[in-house]
**Student:** 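Supplied in structure tokens, the structure appears directly below.
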Amino acid sequence: MKNIALVLALSVGSLVAQATSLRYEWPTPNGLAINNACYTETTFKSLAPVEYCSQTEVVAEKICYMTDSSEICSAYKGQPVRANEYVKEKTQCAKYVSNYMEVSRHVTVDKCVKYSEVRSEVDNLVCAEMGTSTTFAPTDYNVAVYQQYSGESAEQLLGHKHFSIPACQ
């Protein structure tokens, strides 16, 4: 009996010893995470300053062209670009700024605007044409919560948590 208790205690202890982290997948309507926002009638405002890149710089350039099966690139040194070539730039942030943000609650979303007469194998409608529409972002969300054990790369979906953006004071 003592051996069973010891095995159980060691098993539970090893599970607890595995460090886990939770990650919340916060929606970001118009670039502002909802866990750092309050709302007005027409906008979302950040509760704390948001760091963002205000200036980028080119750190590398390549001249490229496409073959039938791949993209071929080499260092770009200012040479003339031929008709079938293009220059690819690699950029990085040169200057970060931290400011309060205010963004519109109007968001543009992609959605199906026309459905096909043909149904899929599982009897779902098939989208024949995509379009965009502008809608008003809500203040209530279901946020996905993921768990990751230390030493593992895969995350596991634990479920969803309801979150309401508070009204601005």
Side-chain angles (χ1 to χ4, degrees), residues 4-60 71 88-169:
I4 293 173
L6 179 61
V7 167
L8 265 170
L10 289 174
S11 298
V12 170
S14 69
L15 286 174
V16 172
Q18 278 187 343
T20 63
S21 61
L22 294 180
R23 183 180 67 82
Y24 296 86
E25 197 167 83
W26 298 107
T28 55
N30 289 333
L32 182 59
I34 65 169
N35 63 323
N36 181 31
C38 64
Y39 73 92
T40 68
E41 189 174 319
T42 59
T43 65
F44 290 124
K45 295 180 179 184
S46 65
L47 299 171
V50 176
E51 185 176 72
Y52 60 93
C53 182
S54 66
Q55 182 180 346
T56 60
E57 64 184 359
V58 176
V59 293
E71 179 181 54
K88 283 179 80 170
E89 295 180 336
K90 180 180 177 186
T91 61
Q92 70 181 21
C93 188
K95 182 179 179 184
Y96 287 96
V97 175
S98 186
N99 283 321
Y100 286 90
M101 286 181 68
E102 185 170 0
V103 297
S104 172
R105 284 184 58 194
H106 289 94
V107 293
T108 302
V109 293
D110 293 325
K111 69 178 209 172
C112 187
V113 293
K114 183 179 179 184
Y115 290 94
S116 170
E117 297 292 324
V118 180
R119 292 183 176 264
S120 70
E121 296 166 1
V122 288
D123 201 35
N124 289 329
L125 292 174
V126 176
C127 184
E129 184 180 335
M130 291 295 290
T132 59
S133 70
T134 301
T135 187
F136 209 58
T139 59
D140 291 310
Y141 292 85
N142 284 319
V143 178
V145 181
Y146 295 90
Q147 182 175 30
Q148 184 175 17
Y149 294 98
S150 65
E152 293 184 17
S153 59
E155 292 180 318
Q156 177 184 1
L157 176 65
L158 291 180
H160 291 82
K161 173 185 176 175
H162 180 264
F163 183 81
S164 294
I165 300 173
C168 296
Q169 301 297 321

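Both backbone and side-chain heavy atoms feed into the values below; hydrogens, waters and symmetry mates do not. Quick note: residue numbers are just sequence positions, from 1.
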**Student:** For Ala137 and Val107, work out which heavy atoms get closest and say how close.
**Tutor:** CB-CG1, 4.1 Å

**Student:** What is the minimum heavy-atom distance between Ala128 and Ser116, and which atoms define it?
**Tutor:** CB-N, 3.9 Å

**Student:** Looking at Ala144 and Leu157, what are the two nearest heavy atoms and their distance?
**Tutor:** CB-CD1, 4.0 Å

**Student:** Should Asn35 and Val143 count as side-chain neighbours, where that means a heavy-atom distance under 4.5 Å?
**Tutor:** no

**Student:** Is it the case that more than 12 heavy atoms not belonging to Glu51 sit under 6.0 Å from its CD atom?
**Tutor:** yes

**Student:** If you compare all heavy atoms of Cys53 against all heavy atoms of Ala94, which two are closest, and at what distance to 0.1 Å?
**Tutor:** SG-N, 4.4 Å

**Student:** Is there side-chain contact between Pro29 and Tyr141, with heavy atoms separated by less than 4.5 Å?
**Tutor:** yes

**Student:** Atom NZ in Lys111, atom CE in Met130: separation rounded to 0.5 Å?
**Tutor:** 10.0 Å

**Student:** Nearest 0.5 angstrom please: Cys168 SG to Tyr39 OH, how far?
**Tutor:** 9.0 Å

**Student:** Atom CG in Asn30, atom CZ in Phe44: separation rounded to 0.5 Å?
**Tutor:** 8.5 Å

**Student:** Can you tell if the side chain of Thr139 reaches within under 4.5 Å of the side chain of Arg105, non-hydrogen atoms only?
**Tutor:** yes

**Student:** Would you compute the distance between atom CD of Gln147 and atom OG of Ser21 and round it to the nearest 0.5 angstrom?
**Tutor:** 8.0 Å

**Student:** Below 4.5 Å, heavy atoms only, C-beta onward: do Val109 and Ser133 meet side chain to side chain?
**Tutor:** yes

**Student:** Determine the minimum heavy-atom distance between Ala33 and Thr28, stating which atoms define it.
**Tutor:** CA-CG2, 3.7 Å

**Student:** When you measure from the side chain of Thr43 to the backbone N and O of Lys45, does any donor-acceptor pair fall under 3.5 Å?
**Tutor:** no

**Student:** Over all heavy atoms of both residues, which pair between Phe163 and Ile34 is shortest? Give the atoms and the distance, please.
**Tutor:** CE2-O, 3.3 Å

**Student:** Rounded to the nearest 0.5 Å, what separates atom CD in Gln156 from atom CG in Leu22?
**Tutor:** 11.0 Å

**Student:** Heavy-atom count check: over 12 atoms from other residues, nucleotides or ligands less than 6.0 Å from Phe136 CZ?
**Tutor:** yes

**Student:** Does the Asn36 side chain pair with the main chain of Ala48, one donor and one acceptor, at a distance under 3.5 Å?
**Tutor:** yes

**Student:** Working to the nearest 0.5 Å, report the span between OH of Tyr52 and NZ of Lys95.
**Tutor:** 9.5 Å

